[in-house]
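Here the structure is a predicted model, which means the values were calculated and not measured. Per chain, numbering begins at 1; letters A, B, ... match sequence-line order.
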Amino acid sequence: QKEVEQNSGPLSVPEGAIASLNCTYSDRGSQSFFWYRQYSGKSPELIMFIYSNGDKEDGRFTAQLNKASQYVSLLIRDSQPSDSATYLCAVTRPSGNTPLVFGKGTRLSVIA
Amino acid sequence: EAGVAQSPRYKIIEKRQSVAFWCNPISGHATLYWYQQILGQGPKLLIQFQNNGVVDDSQLPKDRFSAERLKGVDSTLKIQPAKLEDSAVYLCASSSGMGGNTIYFGEGSWLTVV
């Protein structure tokens with residue numbers, strides 16, 4: 001079982017819709033959870049991180065964490081074509097705060 | 001604040017040749033990482049430095065890859081001899097290691113082995 005699993009997509013949503021990206025992780029002791037966005041040919045950039053169970057909102061983005069289910073998600077409200085990118089889920093191992101272990105990423109396409 | 005600098009941005013070499021990548025982290029960041037990202041996959045950690053000491057190099061193919069961070073600032077990643085499967089983007093990243101666990105990535109060095 002891979003440490004961090006994501007559906008590779010592509011996930012296609014119409015402009016203005018809510019995009020829902022999901023991620024599961026195998027190590028129950030993982031402590032911190034991150035969502036990175038990566039445009040084609042560019043390096044990953046941090047969108048959000050979450051440590052505690054529940055929801056965390058930042059503008060159009062909401063991260064949701066459920067440690068019991070070992071599940072973390074990212075919701076993007078009012079999706080825009082500029083949100084089209086690959087979204088990487090990353091977790092930290094229980095042994096320390098870093099380094100990050102990444103999933104393969106989900107490719108999101110927002111259709112105008 | 002200047003970001004993580006990497007060079008060269010692009011490199012094409014033949015298999016069995018050698019290549020070196022250079023990274024300058026964000027000023028003051030004690031922790032430096034090298035990640036390998038193969039097309040269609042997420043980044044995979046190769047090595048992590050804390051100042052000039054190695055913290056984790058468990059996924060570094062040590063028969064062909066080497067990395068150093070002699071003065072606790074800049075770092076070099078070397079591949080010798082290169083294989084076709086080493087074609088990837090090599091991402092350098094740094095973090096302050098002071099809470100927040102925020103890692104900042106450089107633009108990456110794109111390697112094609114032919």
**Prompt:** How about B/Lys71: does its NZ atom have over 12 heavy atoms from other parts shown lying under 6.0 Å from it?
**Reply:** no

Listed by number, the residues in residues 38-48 of chain A that come under 4.5 Å of chain B (heavy atom to heavy atom) are A/Gln38, A/Gly41, A/Lys42, A/Ser43, A/Pro44, A/Leu46

Looking only at heavy atoms, the pair that brings B/Pro43 and A/Leu88 closest together is CD-CD1, 3.9 Å

Tell me, yes or no, whether the heavy-atom count around A/Arg107 atom CZ, taken from other residues, nucleotides or ligands under 6.0 Å, exceeds 12. no

Item checked: CG/B/Leu39: more than 12 non-hydrogen atoms of other groups inside 6.0 Å -> no

Between A/Val72 and A/Phe61, is there shared hydrophobic-cluster membership here, with clusters defined by ILVMFWY side-chain heavy atoms closer than 4.5 Å? yes

Shared ILVMFWY cluster between A/Tyr25 and A/Trp35, side chains joined below 4.5 angstrom?
-> yes

Rounded to the nearest 0.5 angstrom, the CG-CD distance for A/Leu100 and B/Gln48 is 9.5 Å

Same hydrophobic cluster for B/Leu45 and A/Phe102, using side-chain heavy-atom links shorter than 4.5 Å among ILVMFWY?
yes

Hey, is NZ on B/Lys11 packed in by over 12 heavy atoms from elsewhere, all under 6.0 Å?
no

To the nearest 0.5 Å, atom OH of A/Tyr36 lies from atom CD1 of B/Ile103 at 5.0 Å

When the 4.5 angstrom heavy-atom criterion is applied to B/Gln59 and chain A, the contacting part is side chain

For the CD1 atom on A/Ile111, are there more than 12 heavy atoms of other groups (residues, nucleotides or ligands in this structure) within a distance under 6.0 Å?
yes

